[in-house]
Colleague: 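The structure follows.
No experiment lies behind these values; they were computed from the predicted model shown. Residue numbers count from 1 along this sequence.
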Amino acid sequence: NYFFPSYDSVFIEPVRADFSVGVPNEGCRPLYTTFTDLSINATSWQWDFGNGDIDSIQNTAHNFDSSGDFNITLIIIDSVTGCTDTLIRENAIDVYDLYAIIDADSLQGCSPFNIKFTDNSVSQTFITKWIWDFGTGIIDSTPIPPDILFSNTIDTNYNVKLWVEDNEGCQDSTQLIIDLDLYPKVT
């Protein structure tokens with residue numbers, strides 16, 4: 001009689017994290033994109049979008065409200081084996097930077113009141129279009145606007161707006177309130 005020992009073998013399927021990033025993966029803020037899980041043997045998912053936001057569903061989408069380059073991380077777990085895997089895609093998302101910023105040499109004065117405005121907007125590339133609305137009926141489309149004389153016979157406010165667009169097609173706008181008084185304020 002011959003005795004042959006029997007061996008049980010266990011084969012553990014590998015766990016591998018993988019995902020695809022939807023289109024677009026770069027553009028103006030806010031940038032909305034999708035993420036599709038392509039992992040092997042995952043039963044739970046933990047997404048980290050590189051901006052402090054996380055998600056735990058298999059396929060997800062995210063809105064990037066701030067500019068910058070974002071690393072996307074996917075951690076998967078196989079609940080049967082307890083095995084995990086992590087994939088980090090560096091700079092997977094690029095959100096362009098454009099912020100409209102108005103600077104004024106003063107925000108309050110007595111009528112008539114002359115104000116010099118400056119465009120201090122910030123762009124990752126370069127700004128190609130400007131629209132200034134001074135709230136007085138004066139509209140200007142130059143990067144360096146003219147000095148504006150605010151004059152009225154009553155105390156009032158003017159809403160000064162600046163809209164900008166860069167060569168990537170990103171747009172942003174901002175506004176300032178100018179307080180115009182007929183007489184000096186007593187403090």
Side-chain angles (χ1 to χ4, degrees), residues 6-104 107 117-133 135 141 143 157 159-177:
S6 93
Y7 295 98
D8 289 333
S9 59
V10 176
F11 179 73
I12 297 177
E13 289 283 330
V15 176
R16 186 174 59 88
D18 193 13
F19 64 91
S20 65
V21 179
V23 175
N25 68 330
E26 63 180 331
C28 306
R29 65 176 168 84
L31 178 72
Y32 179 84
T33 195
T34 59
F35 300 91
T36 304
D37 173 51
L38 304 172
S39 302
I40 297 174
N41 295 324
T43 55
S44 69
W45 302 262
Q46 183 68 49
W47 297 91
D48 183 334
F49 299 109
N51 61 357
D53 294 338
I54 59 173
D55 203 349
S56 60
I57 61 175
Q58 182 175 8
N59 299 301
T60 188
H62 190 67
N63 199 38
F64 293 86
D65 292 322
S66 59
S67 60
D69 294 320
F70 298 95
N71 298 336
I72 307 301
T73 302
L74 174 61
I75 301 171
I76 61 164
I77 299 171
D78 178 353
S79 64
V80 174
T81 64
C83 295
T84 66
D85 192 29
T86 301
L87 175 64
I88 301 171
R89 291 203 193 279
E90 294 186 7
N91 300 318
I93 302 294
D94 183 13
V95 183
Y96 304 148
D97 191 16
L98 175 62
Y99 295 97
I101 302 170
I102 302 173
D103 189 28
L107 299 177
F117 293 96
T118 306
D119 170 27
N120 286 333
S121 300
V122 176
S123 175
Q124 190 171 335
T125 57
F126 57 92
I127 297 173
T128 58
K129 295 180 185 174
W130 295 260
I131 297 177
W132 294 87
D133 180 347
S141 60
N157 292 323
N159 191 4
V160 176
K161 300 174 187 173
L162 171 62
W163 172 89
V164 291
E165 181 176 86
D166 68 14
N167 65 311
E168 297 288 346
C170 300
Q171 302 174 359
D172 196 30
S173 63
T174 190
Q175 60 188 14
L176 283 178
I177 303 296

Colleague: Does some side-chain heavy atom of Trp45 sit less than 4.5 Å from a side-chain heavy atom of Thr60?
Modeller: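 They are not in contact (no side-chain heavy atoms under 4.5 Å apart), so the answer is no.
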Colleague: If you look at every heavy atom in Asn159 and Gln175, which pair is closest and at what distance?
Modeller: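 Reported closest heavy-atom pair: ND2-OE1, 3.2 Å.
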Colleague: Applying ring pair (Phe, Tyr, Trp, His ring centres under 6.0 Å) as the test, list every pair that has at least one member in residues 69-98; sequence neighbours left out.
Modeller: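 Sorted result for residues 69-98: Phe64-Phe70.
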Colleague: Specify the closest pair of heavy atoms between Cys28 and Gly169, including all atoms of both residues, with the distance to one decimal.
Modeller: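 Answer, listing the atom of Cys28 first, then Gly169: SG-C, 3.9 Å.
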Colleague: Treating Ser39 as the side-chain partner and Asp18 as the backbone partner, does any N or O pair qualify as donor plus acceptor under 3.5 Å?
Modeller: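 Flag set: sc Ser39 to bb Asp18 pair under 3.5 Å.
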Colleague: Report yes or no: does Asp94 contribute a side-chain atom to a donor-acceptor pair with the main-chain N or O of Glu26 at less than 3.5 Å?
Modeller: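 It does not hold such a pair.
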Colleague: Do Asp65 and Asn63 have a side chain donor and acceptor closer than 3.5 Å?
Modeller: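 Present: a donor and an acceptor within the cut-off.
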Colleague: Report the residues that fulfil ring-ring contact (aromatic ring centres under 6.0 Å, His included) with Trp47, sequence neighbours left out, ordered by chain and then residue number.
Modeller: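 Applying ring-ring contact (aromatic ring centres under 6.0 Å, His included) to Trp47 gives Phe19, Phe35.
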Colleague: How close do Leu31 and Pro24 get, heavy atom to heavy atom, and via which atoms?
Modeller: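 The answer is CD1-CG, 3.6 Å.
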Colleague: Testing the 3.5 Å rule here: is there a donor-acceptor pair between the side chains of Asn120 and Thr118?
Modeller: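 Short answer, no.
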Colleague: Quick test of your reading: applying disulfide bond (SG atoms under 2.5 Å apart), list the pairs with at least one residue in residues 32-68, sequence neighbours left out, ordered by first then second residue.
Modeller: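 Sorted result for residues 32-68: empty, none.
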Colleague: What is the distance from atom CD1 of Ile75 to atom CG of Asp48, rounded to the nearest 0.5 Å?
Modeller: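 Atom-to-atom, Ile75:CD1 and Asp48:CG are 7.5 Å apart.
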Colleague: Closer than 3.5 angstrom, by distance alone: can the side chain of Asn71 be matched with the main-chain N or O of Asn91 as a donor-acceptor pair?
Modeller: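 Looks like yes, one N/O pair under 3.5 Å.
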Colleague: Are the side chain of Thr84 and the backbone N or O of Ile76 linked by a donor-acceptor pair below 3.5 Å?
Modeller: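 No: the side chain of Thr84 does not pair with the backbone of Ile76.
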Colleague: Closer than 3.5 angstrom, by distance alone: can the side chain of Ser79 be matched with the main-chain N or O of Thr43 as a donor-acceptor pair?
Modeller: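 No, Ser79 side chain to Thr43 backbone: no donor-acceptor pair under 3.5 Å.
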Colleague: State, with a plain yes or no, whether a side-chain heavy atom of Leu98 is found less than 4.5 Å away from one of Thr125.
Modeller: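 Not touching, per the 4.5 Å side-chain cut-off.
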Colleague: Could you verify whether a donor N or O on one side chain and an acceptor N or O on the other, from His62 and Asp55, lie under 3.5 Å apart?
Modeller: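 No.
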Colleague: Would you confirm whether Asn59, through its side chain, and Asp37, through its main-chain N or O, come within 3.5 Å as a donor-acceptor pair?
Modeller: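 Checked: pair present.
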